[in-house]
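The structure appears right after this line, and notes come after that.
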Amino acid sequence: MAEYVHASGGPLFHIGRYVLMIKRSFAKPERAAMYWKETLVQMNNIGVGSLVIILLISFFIGAVSAVQFAYNLSQSMVPMYYVGFVVKESMILELAPTVSCLILGGKIGSNLASELGTMRLTEQIDALEIMGVNTISYLIGPKLAASVTMIPLLVVISAITGIWGGLLAGSMSGYVSGADYLQGVLMSFKAYNIFVMMVKSVVFGFVLTSVSCYQGFYAHGSAIEIGKASTRAVVLSCVMVLFADLILTWLLLR
Amino acid sequence: MIEVKDVRKVFGTQEVLKGISAVFETGKNNLIIGKSGSGKTVLLKCIVGLLTPTDGHVLFDEKDYVAMNIDQKNEIRRELGMLFQGGALFDSLTVEQNVRFPLDMFTHMPLSEKRDRVNEVLKRVNLVNANHKFPSQISGGMQKRTGIARAIVMNPKYLFCDEPNSGLDPQTSIVVDELIMEITQEYNITTITNTHDMNSVIANGDKIIFLHEGNKHWEGDKYSLFESDNKELIDFIFASDFLKEARDARFNKLKNKV
């Protein structure tokens, strides 16, 4: 394993090593109870730990969207209840899953990469390997499981908070009444859009966690390298989330 | 017993180990000594399986570790304990949880039994009243002792110590060395210690292997160490001019006596 850590190569090498890491992270656990315990810890760290920032950012995104749409619609013949409709559609289809996951890419991505990188640097991963623990499965598997369960929940909370933020900002600014806004929110409801949001959030959660774990797990060298791995984790996971967003939007919204 | 046969390790174009063969005996503290960059850590990592030798064999009680698949290796790994240079304790776990970790992962013992076992080994390494402290809250010496407790909690057949004295003051170093020695004899395990601390070599060298530039240059014990005429070994032992002068002065004194 140490050789794989210190080895370096081109993009194909990294893609191959990443795929092998994903495969090994689904290996059979040595002790299911220990993995479950670790998964709960990660669910708390990723889910509960990110709740405040998601609430805050989503509220403001929804609020700003509502005011901007209302400002544009105020100079047209389009009825004002469309503000609620547009905020709802943009929160569900794009803003909640993508912007939330970009924010989480920064918060969770750097956290996971630096945690695993520090474990590598201080030989904690070697200590686990010497004990006979499948380190990839034990350290990365629970993080992936926690992400694909908690990030969709956070995205749902983000969408609700954003729509609610739009209601408050729209009505407080005087552009649109609460009743009109809610009429727009309830207008033309498509369950398929919720499905698209959930698919995006699961895929984005998986991508940002696995890319960040990869950067941290294979970090080596000095403390400076941990910082670099952390930066790479954030940048790469954000780029991969945006790339996945484009592909999924093409595939799901034809 | 652990045996290494013609172990070579090459990184790119650099040959770090150039065909090392040695036998590490049970119930003894087997030391690997040598200057920084001589290949001791690479040899230790090849033995424990953190690195795969380019050529050669590592035999644990005559079973070839290098040729084993990952499941077979994991079986052997559950019989070995390792003390790392920096302790390698899990930051997020307390001392008790660190020591209990292998029991939690690999045994079906009830919690009360696991706690008894943890307390037993913590007492054995003279670490009491530290169960609920985190690694960051204890001293370097206590971290090393916690590392030893974690390494022996599963009753290993083999114990590996990578630079057990690094970062410790001379008195704590002696305590850690004595502990490793006592545990080796008490549990009759095969211990391999990688060190360049001469106090430790003189106190605990039941069997010593001296590496120089990837080759085994000398093999013996603490009694034969000073009788060797191996130039590299002498340079390693008497590293400073002061020690060389002290040695020459002693030789001259003995010569005059004779």
Side-chain angles (χ1 to χ4, degrees), chain A residues 1-9 20 23-25 27-42 44-45 49 111-112 114-139 141-143 216-218 220 222-223 226, chain B residues 9-12 41-42 44-54 68 70-93 97-98 100-109 111 135-136 143 146-147 150-151 153-154 156 158-160 162-163:
Chain A
M1 181 53 65
E3 275 143 309
Y4 288 116
V5 172
H6 296 285
S8 58
L20 286 174
K23 190 185 159 208
R24 284 192 67 191
S25 65
K28 192 182 169 214
E30 293 86 3
R31 174 60 54 87
M34 288 290 280
Y35 279 61
W36 174 238
K37 196 175 149 192
E38 184 60 20
T39 305
L40 290 178
V41 170
Q42 295 302 329
N44 181 56
N45 291 347
N111 194 351
L112 294 179
S114 55
E115 179 192 327
L116 290 172
T118 306
M119 284 186 82
R120 169 70 66 196
L121 205 68
T122 54
E123 297 179 308
Q124 292 175 50
I125 294 179
D126 286 348
L128 282 169
E129 290 219 3
I130 294 292
M131 287 177 201
V133 176
N134 179 346
T135 47
I136 291 180
S137 174
Y138 179 66
L139 294 173
K143 290 179 174 61
F217 192 83
Y218 292 106
H220 62 91
S222 60
I226 306 298
Chain B
K9 183 66 193 171
V10 180
F11 292 104
T41 301
V42 174
L44 198 72
K45 284 187 172 177
C46 284
I47 296 171
V48 298
L50 287 172
L51 290 172
T52 309
T54 309
M68 288 177 183
I70 189 73
D71 292 330
Q72 290 167 323
K73 275 185 182 170
N74 281 343
E75 285 301 312
I76 294 278
R77 281 173 171 177
R78 278 160 213 169
E79 293 182 334
L80 59 87
M82 183 154 179
L83 171 64
F84 285 85
Q85 199 170 342
L89 301 177
F90 307 128
D91 301 325
S92 57
L93 304 182
Q97 288 166 334
N98 261 287
R100 209 176 66 207
F101 187 88
L103 298 172
D104 286 337
M105 190 60 101
F106 300 114
T107 72
H108 293 277
M109 289 161 78
L111 185 63
S136 57
Q143 286 183 13
T146 308
R150 187 177 66 182
V153 75
M154 294 279 278
Y158 319 99
L159 178 65
F160 300 90
D162 185 18
E163 307 274 6

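To find a chain, count down the sequence lines: A is the first, B the second, and so on, and within it residues start at 1. This one's a predicted model, so the numbers in the text were calculated from it and none came from an experiment. Quick note: numbers below take in every heavy atom, side chains included, and nothing from hydrogens, waters or symmetry partners.
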**Request:** Heavy atoms only: give me the nearest B/Thr107-B/Leu103 pair and the separation to one decimal.
**Result:**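 Heavy atoms of B/Thr107 and B/Leu103 come nearest at OG1-O, 2.6 Å.
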**Request:** Please list, chain by chain and in numerical order, all residues satisfying ring-ring contact (aromatic ring centres under 6.0 Å, His included) with B/Phe84, sequence neighbours excluded.
**Result:**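 By the ring-ring contact (aromatic ring centres under 6.0 Å, His included) rule, B/Phe84 matches no residue at all.
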**Request:** Name all residues meeting the ring-ring contact (aromatic ring centres under 6.0 Å, His included) criterion together with B/Phe90; count only those two or more places apart in sequence or in a different chain, and write none if there are none.
**Result:**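 So B/Phe90 forms a ring-ring contact (aromatic ring centres under 6.0 Å, His included) with B/Phe101.
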**Asked** Between atom CD1 of A/Ile226 and atom CG of A/Leu121, what is the distance when rounded to the nearest 0.5 Å?
**Response**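 Taking CD1 in A/Ile226 and CG in A/Leu121, the distance rounds to 4.5 Å.
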**Message:** Rounded at 0.5 Å granularity, tell me how far CG in B/Leu93 sits from CZ in B/Arg150.
**Reply:**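 It comes to 9.0 Å.
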**Asked** Within the side chain of B/Glu79, is there an N or O that forms a donor-acceptor pair under 3.5 Å with the backbone of B/Tyr158?
**Response**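 Answer holds: no.
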**Prompt:** Okay, side chain of B/Arg77, backbone of A/Ile130: is any donor-acceptor separation there less than 3.5 Å?
**Reply:**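 Not at all, since once roles are kept as given, no pair shorter than 3.5 Å links the two residues.
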With a 4.5 angstrom heavy-atom cut-off, is it the side chain or the backbone of [X] that approaches chain A, or both, or neither?
X        : answer
B/Leu89  : backbone
B/Glu75  : neither
B/Phe160 : neither
B/Asp91  : both

**Request:** Give, as side chain, backbone, both or neither, the part of A/Met34 having an atom under 4.5 angstrom from any heavy atom of chain B.
**Result:**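 Only the side chain of A/Met34 comes within 4.5 Å of chain B.
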**Request:** Please flag which part of A/Val41 lies under 4.5 Å from any non-hydrogen atom of chain B: side chain, backbone, both or neither.
**Result:**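 The answer is neither part of A/Val41.
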**Message:** Taking every non-hydrogen pair under 4.5 Å, which of A/Glu30, A/Arg31, A/Met119 racks up the most with chain B?
**Reply:**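 Option with the greatest count: A/Arg31.
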**Request:** With a 4.5 Å cut-off on heavy-atom pairs, point out which of B/Met105, B/Arg78, B/Met82 contacts chain A the most.
**Result:**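 With the most close heavy-atom pairs to chain A, the winner is B/Met105.
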**Greatest number of heavy atom pairs closer than 4.5 Å to chain A - which of B/Leu80, B/Val48, B/Asp71, B/Asp104** =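 Going by pairs under 4.5 Å, I would pick B/Asp104.
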